Amino acid sequence: MSHFQENFVAQSAAVRVRFGAGVRHSIADEVRALGCSRALILSTPQQADTAREFADLCGPLAVGIYTDATMHTPVAISDHAAAYAVELVADCVVAVGGGSTTGLGKAIAYRTDLPQIVIPTTYAGSEATPILGQTENGRKTTLTSPKVQPEVILYDAELVRTLPVGMTVTSALNAMAHAAEGLYAQNRSPMSTLMAVEGLQAFKDALPKVIANPDDLTARGETLYGAWLCGTVLGQVGMALHHKLCHTLGGSFDLPHAETHAIILAHAMAYNAVAVPELLEPVSRIFGGPSAGLAIYNFAAAMKAPLALRDLGLKETDLDRAADLATQNPYWNPRPIERPALRQLLQAAWAGDAPAA
Ligand code: NAD
């Protein structure tokens, strides 16, 4: 069955994407192709060695390294890094890492308009979106701007090989969530649906192979392919219950990003499948299950993903406040957000129970 819709708007960003194990060795060519010659390399402290490798690969085209990228993109670090870029007279940023490093590159681009080359080492998908999440004084806010959209993405399977198996699984489920919610987005198009279905299929096929052999570069490449597709869906269409709930849990209870996504996805699917079973049919078909929620839950369990919010440190006594916070600011969702049903969802996700349907 085709994904034809009678009416739609589809908008894609102008992004250059290069794929291939070892493609990072072309970084100097990519800097030059942007018309740049003064790159600032970014990473987290944990990936400083990778940042140094990139500085070596860039040679005289690298003017500095900044290795303080931090989860949730704190504004103080972004201001500091942007000032450093100006001081160095950098003319582009090269962000090597997961969503945290990509976030820092975007935050610098937002402040300075510098072009970005992103080399993702997780499946978070931020590199494919014009979205920037930032935190200040304990509050996370999100903005969307074309300034923030990276110009070039290099997907190198050799760099994702070092991602530990546990993080590989949670990061994959994080990516899959973008595609799964994209299937019922109000502003979806046949193109975003095609990408969502293909992205989910790529993870279904490749993730078990990566877990069996984390050095399987073909399977690692296929998971990066899935991450690109799922991230592109996130960049093109609106998200709903799943992403809003994860945002609340991450922002207000300091729960880790990818793990929270990994746990909530099955429950968000089950909640929304009641309203739009036909739109979530690809999820149950690809992952094999009687419903989208159970298909994802069983896949996550088979991949040994975390299943319970209580294992992330959330207390049962926090659930009422989480339900209050998650129903405070209304947003569009295919099924109305009803507090009792949401409280039930949170209880099941907290305990690690399978969703009811
Ligand atoms: P992360 O970038 O924080 O990485 C987690 C840790 O893993 C870091 O210490 C990092 O250095 C390390 N790491 C990353 N890749 C590795 C590898 N290949 N080998 C070994 N270690 C590696 O985690 P993440 O889940 O990629 O990103 C989460 C952040 O991204 C959150 O702040 C989230 O809000 C943001 N995000 C933003 C968007 C967007 O569109 N704006 C989309 C998705 C995620």
Side-chain angles (χ1 to χ4, degrees), residues 13 15 21 24 42-51 53-54 66-75 77-78 95-107 109-110 116 118-135 139-150 153 155-179 181-182 210 214-215 217 220-221 223-224 227-228 230-239 242-244 246-251 254-262:
V15 183
R24 69 187 177 285
L42 310 174
S43 75
T44 59
Q46 294 79 10
Q47 290 179 288
D49 285 349
T50 314
E53 185 194 347
F54 270 82
Y66 190 93
T67 59
D68 279 342
T70 306
M71 182 77 102
H72 302 311
T73 328
V75 165
I77 291 184
S78 302
V96 191
S100 297
T101 307
T102 306
L104 178 62
K106 289 173 155 183
Y110 187 64
Q116 309 163 62
V118 181
I119 304 91
T121 64
T122 70
Y123 309 125
S126 177
E127 68 279 1
T129 83
I131 306 163
L132 169 62
Q134 314 192 82
T135 46
R139 260 191 75 231
K140 184 161 181 173
T141 53
T142 303
L143 64 85
T144 300
S145 162
K147 273 189 182 184
V148 155
Q149 174 85 52
I153 312 173
Y155 286 104
D156 186 335
E158 288 174 6
L159 290 178
V160 87
R161 178 161 57 177
T162 52
L163 194 64
V165 167
M167 279 177 63
T168 295
V169 171
T170 53
S171 192
L173 282 154
N174 179 192
M176 284 162 47
H178 311 329
E181 283 223 296
V210 167
D215 291 328
L217 286 181
R220 282 285 189 188
T223 51
L224 277 177
W228 170 46
C230 295
T232 305
V233 173
L234 174 68
Q236 289 193 0
V237 304
M239 296 287 121
H242 172 84
H243 281 74
K244 308 285 181 194
C246 291
H247 187 96
T248 300
L249 291 168
D254 207 23
L255 297 189
H257 178 83
E259 289 87 337
T260 307
H261 274 267

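Atoms within a ligand are numbered from 1 in the order they appear, just like the ligands themselves. One-based numbering along the sequence shown. Note that the structure is predicted; figures quoted are calculated from it, not measured.
In the model, H247 has no side-chain atom that pairs as donor or acceptor with a side-chain atom of K140 under 3.5 Å.
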Distances under 3.5 Å, N/O of ligand 1 against N/O of the protein: list each pair and its distance.
from: ligand 1; atom 1: 2 (O); to: G99; atom 2: N; distance (Å): 3.0
from: ligand 1; atom 1: 2 (O); to: S100; atom 2: N; distance (Å): 2.9
from: ligand 1; atom 1: 2 (O); to: S100; atom 2: OG; distance (Å): 3.4
from: ligand 1; atom 1: 3 (O); to: S100; atom 2: OG; distance (Å): 2.5
from: ligand 1; atom 1: 9 (O); to: Q46; atom 2: OE1; distance (Å): 3.3
from: ligand 1; atom 1: 11 (O); to: T44; atom 2: OG1; distance (Å): 2.6
from: ligand 1; atom 1: 11 (O); to: Q47; atom 2: OE1; distance (Å): 2.8
from: ligand 1; atom 1: 15 (N); to: Q47; atom 2: NE2; distance (Å): 3.3
from: ligand 1; atom 1: 15 (N); to: T121; atom 2: O; distance (Å): 3.3
from: ligand 1; atom 1: 15 (N); to: T121; atom 2: OG1; distance (Å): 2.7
from: ligand 1; atom 1: 18 (N); to: T121; atom 2: O; distance (Å): 3.1
from: ligand 1; atom 1: 18 (N); to: L159; atom 2: O; distance (Å): 3.0
from: ligand 1; atom 1: 18 (N); to: T162; atom 2: OG1; distance (Å): 3.3
from: ligand 1; atom 1: 19 (N); to: T162; atom 2: O; distance (Å): 3.4
from: ligand 1; atom 1: 19 (N); to: T162; atom 2: OG1; distance (Å): 2.8
from: ligand 1; atom 1: 19 (N); to: L163; atom 2: N; distance (Å): 3.4
from: ligand 1; atom 1: 26 (O); to: G99; atom 2: N; distance (Å): 2.8
from: ligand 1; atom 1: 26 (O); to: T122; atom 2: OG1; distance (Å): 2.7
from: ligand 1; atom 1: 27 (O); to: G99; atom 2: N; distance (Å): 3.1
from: ligand 1; atom 1: 32 (O); to: H72; atom 2: N; distance (Å): 3.2
from: ligand 1; atom 1: 34 (O); to: K140; atom 2: NZ; distance (Å): 2.8
from: ligand 1; atom 1: 40 (O); to: T129; atom 2: OG1; distance (Å): 2.7
from: ligand 1; atom 1: 41 (N); to: I131; atom 2: O; distance (Å): 2.9

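For T162, there are no side-chain contact (heavy atoms from CB on, under 4.5 Å) partners, not counting sequence neighbours. Qualifying ring pair (Phe, Tyr, Trp, His ring centres under 6.0 Å) partners for H257, counting only residues two or more places apart in sequence or in other chains: H261. With sequence neighbours excluded, the residues forming a side-chain contact (heavy atoms from CB on, under 4.5 Å) with A124 are T122, N174, listed by chain and number.
Ion pairing between R24 and E53 holds under the 4.0 Å rule for side-chain N and carboxylate O.
A donor-acceptor pair under 3.5 Å links the side-chain atoms of E181 to the main chain of H242, judged by distance alone.
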